[in-house]
Amino acid sequence: MSERVYSGCTAVTMAGDAPYGLIEDAAIVTTAGRIVWVGRNRDLPGWCAHIPNIGLGGALVTPALIDCHTHLVFGGDRSKEFAMRLSGATYEEIARAGGGIRSTVGATRTASDDELLAGALRRVDDLLADGVAVIEVKSGYGLTIEDEMRMLQVARRIEQHRPVRIRTTWLAAHALPAEYADRADDYVADVAIEGLKRAHQEGLVDAVDGFCEGIGFTPHQMRRVFEAASELGLPVKLHAEQLSDLKGAVLAAEFGALSADHLEYLAPEDAHHLARSGTVAVLLPGAYFALRETKLPPVEALREHGVRMAVATDANPGSSPLSSLRLAMGMACTQFRLTPEEALAGATRNAAAALGLEKDYGTIELGKRTELAVWDAPGPDFLSYWLGGDLLRGRIIHGEFHER
Ligand code: NIG
Ligand code: FE
């Protein structure tokens, strides 16, 4: 059951030695949602003859895209702060004056579950239109145990409403809520760590994250959260070096983190730590753009050390009001000087690694899940080159083709 041959396409496999792992005039064979054969159409084995064959009319087929860093469950919006920043206030000033993340915390706490879900689904739909099949969603706008858990429960409900895989990340160490002013250590113990244990017990946590920054938490506080995560056997990731160099990436690497994210202020000489621990560098050009940052992440050093780079939207109401992963890829090229091939790897293969999902997702290879994006595009560079537009022809979800 559910066997298909998809033929008449250019397969952008993101595996093997050819650029993009490209196979012209390709065929992809799927059984029960897994890829069982991929290669040149003319080499299709005889045992495929009885399988229904669907011609894709010359389309480009890539692995489905993966958005490995989002905050897309939240209440309200911050368009007023956008205007304030444009007239000169900085992100940090607004945060210290009680705006920023804390203003979204207020709006998130008062929103009902259904309101949070409805808002999230709008952003999910934007991502689906970009060929996304896996989305990571962080907590971090609740900042009480109950509200942090509620955010992750809402995130998990997305899977009941849309054909998408959701990974949930515990990010209680995102900002200090007003009720814990000047008591950051207590907050870390009472909410970030105690809450993590409870959320983990409820099966809500796939990974643990934190905001290691002057306006967030210190490396010492993050170490405590990471130790608690390690005791529970949970992988970690970190918002590191977004606004300053606190050596968060070095800490993340010490804990074998899945990813270190942002990294504009990463010292080039620290890139080797990420290489050694196999930690993915998640680049977030939407936040760089929206905050009008001028310090570039040390892409050349990451490349030299062979650190895998991912690209994500960071979709959130403050620093990155962005729900197009293809636009993030385009920005990663133009702003950060990634090649279009690196950008696509960043939204497929390396994004899968940033979520610990590389066994199932991120390339078109034998044994991987048949989650693919089918594009009307002349070649894979086009996906990063063209900003906006409606390039997606359809998606292959669990082996079945769905037209857009
Ligand atoms: O990834 N840096 C911290 N967290 C988010 C910002 C969240 C917000 O501004 O609401 C980020 O940029
Ligand atoms: Fe973020």
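Indexing begins at 1, ligand by ligand and atom by atom, following the structure's order. Model, not experiment: these values are computed from the prediction.
For Asp209 and Lys237, the salt-bridge test fails: no basic side-chain N is under 4.0 Å from an acidic carboxylate O. The residues Arg109 and Glu179 are annotated as salt-bridged, a charged nitrogen and a carboxylate oxygen being separated by less than 4.0 angstrom. Using a cutoff of 4.0 Å between basic side-chain nitrogens and carboxylate oxygens, Arg349 and Glu358 are not scored as salt-bridged. Using a cutoff of 4.0 Å between basic side-chain nitrogens and carboxylate oxygens, Arg337 and Glu300 are not scored as salt-bridged.
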Under 3.5 Å donor-acceptor pairs involving side-chain atoms of residues 141-148, not counting sequence neighbours:
from	atom 1	to	atom 2	distance (Å)
Thr144	OG1	Asp147	N	2.9
Thr144	OG1	Asp147	OD2	3.0
Asp147	OD1	Arg150	NE	3.1
Glu148	OE1	Ser139	OG	2.5
Glu148	OE1	Gly140	N	3.0
Glu148	OE1	Ala172	N	3.4
Glu148	OE2	Gly140	N	3.1
Glu148	OE2	Tyr141	N	3.4
Glu148	OE2	Gly142	N	2.8
Glu148	OE2	Leu143	N	2.8

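Using a 4.0 Å heavy-atom criterion, the residues that approach ligand 1 are His69, His71, Arg78, Tyr91, Ile101, Tyr141, His174, Phe211, His239, Gln242, His262, Asp314, Asn316, Gly318, Ser319.
In this structure Ala228 satisfies the side chain to side chain contact (heavy atoms under 4.5 Å, CB included) test together with Ile193, Leu196, sequence neighbours excluded.
More than 12 heavy atoms of other shown residues, nucleotides or ligands fall within 6.0 angstrom of atom NE2 in His402.
Taking the six-membered ring for Trp, His305 and His273 have ring centres at least 6.0 Å apart.
Counting only distance, with no hydrogens or angles, the side chain of Glu213 and the backbone of Glu241 share no donor-acceptor pair below 3.5 Å.
Here 4 is the count of protein N, O or S atoms positioned under 2.8 Å from the Fe ion (ligand 2), waters not counted.
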